[in-house]
Amino acid sequence: MHGSSDFTSALDIFLLTSTVVLLSVSRLIIDGPSPKIRNPFKRFCLDTILISIPATFIYSLDENHPFICLVVVLFITVGLIFKFRLKNIKSFPCGDSSYKFESHKVYITLYRSFVTFSTIICILAVDFKAIFPDRHKKQLYVGYSLMDTGVGSFVFMAGIVSPEARLGKMPDSRIKNLKRSIQSSAVIFIIGVTRSILIRVLDYDASQSEYGADWNFFLTLATVQVMSSLVLCIVPVFNHVWMLSIGIGVVYELMLSKFGLFDLLEDGFLGWGGHDYQDGIFNANREGICSSIGMLSLYLAGLSLGTFLFKKRETLRDTIHVLKTIFLLAAMGWLATYLTQIYVKFSLVTAETQLRRLHNSQSEKVASRCFGNLSYILWSFAQNTSLLVVMLTAEILTHVSSHIAEERSGLPGEPVVHVLGGCARCFDRHSHLTAGSGTCSCLVFAISKNQLFYFLIGNIATGFVNMVVDPHSNPYSSISSFLIIILYLVFINGLTCWLFVRRKTFKFW
């Protein structure tokens, strides 16, 4: 058991991830609406120095430092707001004095990029014991750790940016929507199957305690997307998807705790009539298959929130209302997560108890990424909505500070577009703001543009690095481990930014 089942560990993870989020926010604030550094290579170097290197360092810190780092980065972020958005007021021409504010959903872009970027760092760093703390590693069965947030964050994010959420309503033809979902998920499913085959062929060391023998993240994501469209096709309750999400989560939790599914997942499946199916496909992958039900609940929660977030809003007051709503949802998520532990009066189980397959029934109520139970769903919901609060707050603050700067400047000119960062390459519809400025490589927007490609290349590069340097057999020093991870990030980020500059987008559906 690497991490902890203590609720405070969940809060520590939020503080840690918030620090990395603020690094990206600071980078975008430095850019401003009109970037001064326009050379693609120089911008990429700036991204590496201000985001990649500090993020890798923060994720490698021990237990006592995350809060200190958060305070330091927070002060830096606030200072940058004053420096680049208030004190340099002459760089902000006078705009409309009204507080009209159409959010460009930069906080959603930042959220998508952050989740993928953090995952890419961790999947390689976890193999370097000298630099990656044990408390960040995935839990064997239950508990909280940094890497346990990965699959939940991806599933929740996929729900937020799903076609149904962006459209704001269920398509007229539910059957066509189901077909589209199957087609869009087919490539992800093929990637998952290919990954499983390659792992067996190459005899790659992969843990079977997370999803099972052959199941993996890609298969979970593809399954959840198809299941979501199927459920919405059968149960036409699009305007109340959140109720469907809660219902599925509660029913699945009852199946785990009251109807024997928890024991089945622990001990395997003995078929009807006493026939032994221990070597069957279902039994070998029971964790991944069954946890997809819990992930479906989380996906639908993201879809419901995404429908709310993508509604058109034109005033700052409306955007602040969105912030208040997300904050309330996050607070409710944390409270519910906490109550799931208080209710069962959970005490920490030892690694020996876990190896005996957790016969303590109270552990069923603690967050389990392996089983995707209700506690894990609530924790993932709270964690991700809290990060959205941080990102949307940053976008609102940069808007307000820019507006104040405009009012103070008294300079004539075109209104400034209030965005958290970016240039014409990031916001094509506002290309007139940087006409003739050339191209740029904004890492945050580049990752969001080719998200699945970025994640896929990261997985391939992780396997390649592991086979070449073999960190499990060769105990690398902290400095050597850190440099290997940075070079790995430079390659992946550089390739993604190059595609972004060239306007190349890989669509998998």
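Given the structure is predicted, the values throughout are model-derived calculations rather than measurements.
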Looking only at heavy atoms, what is the nearest atom pair of [X] and [Y], with distance?
X	Y	result
Ala10	Trp379	CB-NE1, 3.4 Å
Ser118	Val20	OG-CG1, 4.4 Å
Met295	Val224	CB-CG2, 3.7 Å
Val389	Leu323	O-CD1, 3.7 Å
Gly192	Asn216	O-ND2, 2.8 Å
Ile492	Thr496	O-OG1, 2.8 Å

Quick check against the 3.5 Å criterion: does [X] have a side-chain atom that pairs as donor or acceptor with the backbone of [Y]?
X	Y	result
Ser245	Leu300	no
Arg503	Val501	no
Arg166	Val161	yes
Asp318	Arg313	no
Tyr376	Gly152	yes
Tyr59	Ala125	no
Tyr488	Ile120	yes
Ser380	Ile377	no

Ring geometry between Phe154 and Phe455 (parallel below 30°, tilted from 30 to 60°, perpendicular above 60°): tilted
Rounded to the nearest 0.5 Å, what's the gap from [atom1] on [X] to [atom2] on [Y]? Could you check?
X	Y	atom1	atom2	value
Leu388	Phe114	CG	CZ	10.5 Å
Ile182	Leu230	CD1	CG	8.0 Å
Thr307	Leu303	OG1	CG	5.0 Å
Phe464	Leu124	CZ	CG	12.0 Å
Ser386	Ile13	OG	CD1	12.5 Å
Ser113	Tyr454	OG	OH	8.5 Å

In the structure I gave you, are the side-chain heavy atoms of [X] and [Y] within less than 4.5 Å of one another anywhere?
X	Y	result
Asn384	Thr149	no
Pro163	Arg180	yes
Thr385	Phe327	no
Val490	Ser52	no
Asn459	Phe218	yes
Val322	Tyr107	yes
Ile326	Leu392	yes
Ile108	Phe310	yes

Over-ring placement of Arg43 relative to Phe445, 6.0 Å and 45° cut-offs: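 Geometry flag: not set, cation outside 6.0 Å or 45°.
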Is it the case that [X] and [Y] place a side-chain donor and acceptor less than 3.5 Å from each other?
X	Y	result
Ser185	Gln225	yes
Ser480	Ser477	yes
Asn450	Thr505	no
Ser145	Asp148	yes

Criterion side-chain contact (heavy atoms from CB on, under 4.5 Å) on Val465 and Leu487, from CA distance to verdict: CA-CA 10 Å; Val465 171; Leu487 290 175; over 6 Å; no
Evaluation steps, ring pair (Phe, Tyr, Trp, His ring centres under 6.0 Å), between Phe381 and Phe156: CA-CA 7 Å; Phe381 180 82; Phe156 186 73; 5.7 Å; yes
Neighbour count above 12 (heavy atom, 6.0 Å) for Phe491 CZ: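 For Phe491, atom CZ is not crowded (no more than 12 foreign heavy atoms under 6.0 Å).
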Worked verdict on Ile58 versus Leu23 for side-chain contact (heavy atoms from CB on, under 4.5 Å): CA-CA 10 Å; Ile58 289 171; Leu23 288 174; 3.7 Å; yes
Residue pairs fulfilling salt bridge (Lys or Arg N to Asp or Glu O under 4.0 Å) with at least one residue in residues 107-124, sequence neighbours excluded: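 Non-adjacent pairs meeting salt bridge (Lys or Arg N to Asp or Glu O under 4.0 Å): zero.
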Test side-chain contact (heavy atoms from CB on, under 4.5 Å) applied to Glu164 and Ser229, step by step: CA-CA 9 Å; Glu164 295 90 347; Ser229 298; 3.6 Å; yes
side-chain contact (heavy atoms from CB on, under 4.5 Å) between Trp334 and Gln383, worked out: CA-CA 8 Å; Trp334 285 115; Gln383 165 76 11; 4.2 Å; yes
